Amino acid sequence: MKSDAVKKGIQQAPHRSLFGALGFTKEELRRPLIGIVSSYNEIVPGHMNLDKITEAVRMGVAMAGGVPRVFPAIAVCDGIAMGHEGMKYSLVTRDLIADSTECMAKAHQFDALVMIPNCDKNVPGLLMAAARINVPTIFVSGGPMLAGHVGGRKRSLSSMFEAVGEYTAGKLTDEQMEDFEMHVCPTCGSCSGMYTANSMNCLTEALGMGLRGNGTIPAVYSDRLRLAKEAGMQVMKLLEQNIRPSDIMTEKAFMNALTVDMALGCSTNSMLHLPAIAHEAGVELNVDIANEVSERTPNLCHLAPAGPTYMEDLNEAGGVYAVMKELTKKNLLNLDCMTVTGKTVGENIADAKNLDPEVIRPLENPYSPTGGLAALKGNLAPDSGIVKRSAVVPEMMVHEGPARVFDCEEDAIEAILGGKIVPGDVVVIRYEGPKGGPGMREMLNPTSAIAGMGLGSSVALITDGRFSGASRGASIGHVSPEAAVGGPIALVEEGDTIRIDIPAHKLELAVSDEELARRRAAWKPRTPKITTGYLARYAAQVTSGNRGAVLEIPGTAEKE
């Protein structure tokens, strides 16, 4: 066992004395040491129930003969961090989570790990760590929130953000706003639509790193506790069979995850996280591959914010496995991939059934013949920009309009809520990328304001930042190269015509090459917004959005 390095032999007598200080018995020292990485805290609604999940995992590990030991991972609530300097600290935690988990697991020589994430950056951060550490590992999340009910309709957090725009436009009263505030988020759990947290938890199933239901069983269901116990027991079987993340997170498994991503209509953030996880696993995953997968994969689900269904509905319809079973009708999945069940994908989904064709469209009747995400390229985004096309209204799939340019999110919000953005405009928010932000802030506030002000079918938004999974509309993010390194988005001027063609994967600035060259020659880098602390170190090491915003030692990263 790996833990023998800290438990056996005369040289380990000091180590055993420290285990004695923990109350270990001799019997426990003979058993496998299982690390449980708990993201529990009391500030994130998606994590407030993880103490219960952690205890259930502990029971499962102990029942199966392991010795469970819990250590923490941090978590940021993107909703609470939204719209102020706190959002600079969201994406950057992904790497802190991966790094700190690697440190704890390697320092204490755990034989196997159970990862307990739930919200946006914890899932990818812990998947990155799992790939690095490469001991038998299983994931069990805290589960999604139930949908809220406001005005006789199911609602979610995206509805709350959009209500701000509606209120500003005079469409909601004070009493109606309070009704939203009190009832839109009714339980613990990751917010109830197909936002980033739920996207990544579902994709953990598709990758093979989580058990059936990990992405969809609601947080408040007792099934979630049973799943946690099963995960604790199953990690002991993975240890016995020596099934590691490197056996599961293969190139074929990532192609499965991308395929399921397109069918589910996942968050654009998955195109930051999947490449970063793949990078740790030694697999190259780029946006060109994503477009290839999207072109052959139909979009089968329209969960909020793209449609009126929620995670609880997907769970009742058969969950991720039912979606995967639909995809086998066109042989779109690699069925021979190993998973944490100890079985292949094909074996796992053999008995899966689509129980609600209104929630999971049959393959022969999809929402669209192409997937939920698209990567756009052109002279405005030479490397790429990402859009959740499943959440774009038909009339905005092709759009041309004047650029309304803002150098930070706050200025754009002020203009939108102030009525200065009109139908046809293309809002450009720049210097919010991985380096320029720094931290690549989510733009849920401006996208929600656009929708709430009634402009969702007539105004586009383009940014080198990123979007919340709760964003909808013609919202194109991750524009690379970013403004901070002199990407073309830094050269856009007020009133320039921008052309968007999502079906053709095009994002163009209607300015001549000669004019762009003149502007580029006059452009000067901006003084960094932050020069001390973790964000300064992050900005120095982070790569571009099209590469998953992975960190590299300065001097080794690809030049923009």
Side-chain angles (χ1 to χ4, degrees), residues 44-46 77-83 87 118-120 143-199 216 218-220 264-269 301-316 358-359 367 372 388 390-393 396 409 413 416-417 442-459 461 466-475:
V44 182
C77 176
D78 278 24
I80 295 174
M82 196 72 64
M87 183 44 69
N118 210 28
C119 289
D120 296 33
M145 184 184 291
L146 294 178
H149 290 82
V150 182
R153 292 173 52 195
K154 281 187 176 182
R155 302 282 192 167
S156 61
L157 185 64
S158 56
S159 308
M160 183 71 254
F161 276 90
E162 290 179 14
V164 175
E166 294 179 55
Y167 179 83
T168 304
K171 299 176 182 178
L172 291 178
T173 65
D174 289 341
E175 291 77 14
Q176 288 173 314
M177 276 297 287
E178 185 175 358
D179 191 22
F180 266 95
E181 289 180 34
M182 297 305 297
H183 299 110
V184 82
C185 295
T187 71
C188 62
S190 47
C191 297
S192 56
M194 188 54 77
Y195 309 147
T196 306
N198 292 325
S199 294
T216 60
V220 295
L264 284 172
C266 289
S267 163
T268 52
N269 282 316
C301 299
H302 264 193
L303 282 81
T309 53
Y310 296 82
M311 295 304 297
E312 62 204 65
D313 302 312
L314 179 59
N315 187 61
E316 296 301 322
E358 293 301 313
V359 176
Y367 280 103
K388 186 173 182 175
S390 61
V392 179
V393 294
M396 290 298 290
E409 177 188 3
I413 284 285
I416 296 166
L417 296 180
E442 288 185 346
M443 300 294 156
L444 179 56
N445 273 350
T447 59
S448 298
I450 286 170
M453 297 286 284
L455 298 170
S457 61
S458 60
V459 169
L461 193 154
R466 60 194 180 91
F467 296 110
S468 164
S471 292
R472 63 186 176 99
S475 304

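If you're wondering where the values come from, they're calculated on a predicted model, not measured in any experiment.
- Here the closest non-hydrogen pair linking L146 and T187 is N-OG1, 3.1 Å.
- Separation of atoms CG (D120) and CG (N198) is listed at 9.0 Å; rounding is to 0.5 Å.
- With hydrogens and angles ignored, the 3.5 Å screen pairs a side-chain donor or acceptor of N269 with a backbone N or O of F467.
- Contact detail for S267 and T196: the closest heavy-atom pair is OG-OG1, 2.9 Å.
- E178 contributes atom CD, which lies 13.0 Å from atom CG of L172 (distance to the nearest 0.5 angstrom).
- Distance alone, capped at 3.5 Å, places no donor-acceptor pair between the D78 side chain and the M87 backbone.
- Considering every non-hydrogen atom in both A451 and E162, the closest pair reads CB-CD, 3.8 Å.
- Residues E409 and P446 approach most closely at OE2-CD, 3.4 Å, considering heavy atoms.
- When atom types are taken as modelled, the side chain of Y310 and the backbone of K154 share a donor-acceptor pair closer than 3.5 angstrom.
- Taking the side chain as every heavy atom from C-beta outward, T447 and R472 never approach each other to under 4.5 Å.
- Side-chain atoms of E312 never come within 3.5 Å of backbone atoms of P218 as a donor-acceptor pair (strictly under, hydrogens ignored).
- For the atom pair M396 CE and S457 OG, the distance stands at 8.0 Å (nearest 0.5 Å).
- When every heavy atom of G143 is checked against every heavy atom of A219, the shortest pair comes out as O-CB, 3.6 Å.
- Residues H149 and P186 fail the side-chain proximity criterion, which asks for heavy atoms closer than 4.5 Å.
- Between M145 and P45, the shortest heavy-atom distance links the atoms CE-CB, 4.5 Å.
- Note that the OG1 atom of T168 and the CE atom of M177 stand 7.5 Å from one another [nearest 0.5 Å].
- Between P144 and S192, the closest side-chain pair of non-hydrogen atoms is not below 4.5 Å.
- Residues M443 and R466 fail the side-chain proximity criterion, which asks for heavy atoms closer than 4.5 Å.
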Check your understanding: Yes or no on side-chain contact (heavy atoms from CB on, under 4.5 Å) for C266 and M194, after CA distance, side-chain angles and deciding distance?
Key -> CA-CA 6 Å; C266 289; M194 188 54 77; 4.2 Å; yes
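- With sequence neighbours left out, the side-chain contact (heavy atoms from CB on, under 4.5 Å) criterion links S468 to M82, E442, L444, A470, S471.
- Rounding to the nearest 0.5 Å places CD1 of I416 at 10.0 Å from OG of S448.
- In this structure the side chain of P305 reaches within 4.5 angstrom of the side chain of Y195, judged on heavy atoms.
- Residues V150 and S159 have side chains not in contact (no heavy-atom distance under 4.5 Å, counting atoms from C-beta outward).
- Atom OG of S475 sits about 10.5 Å away from atom NZ of K388, to the nearest 0.5 Å.
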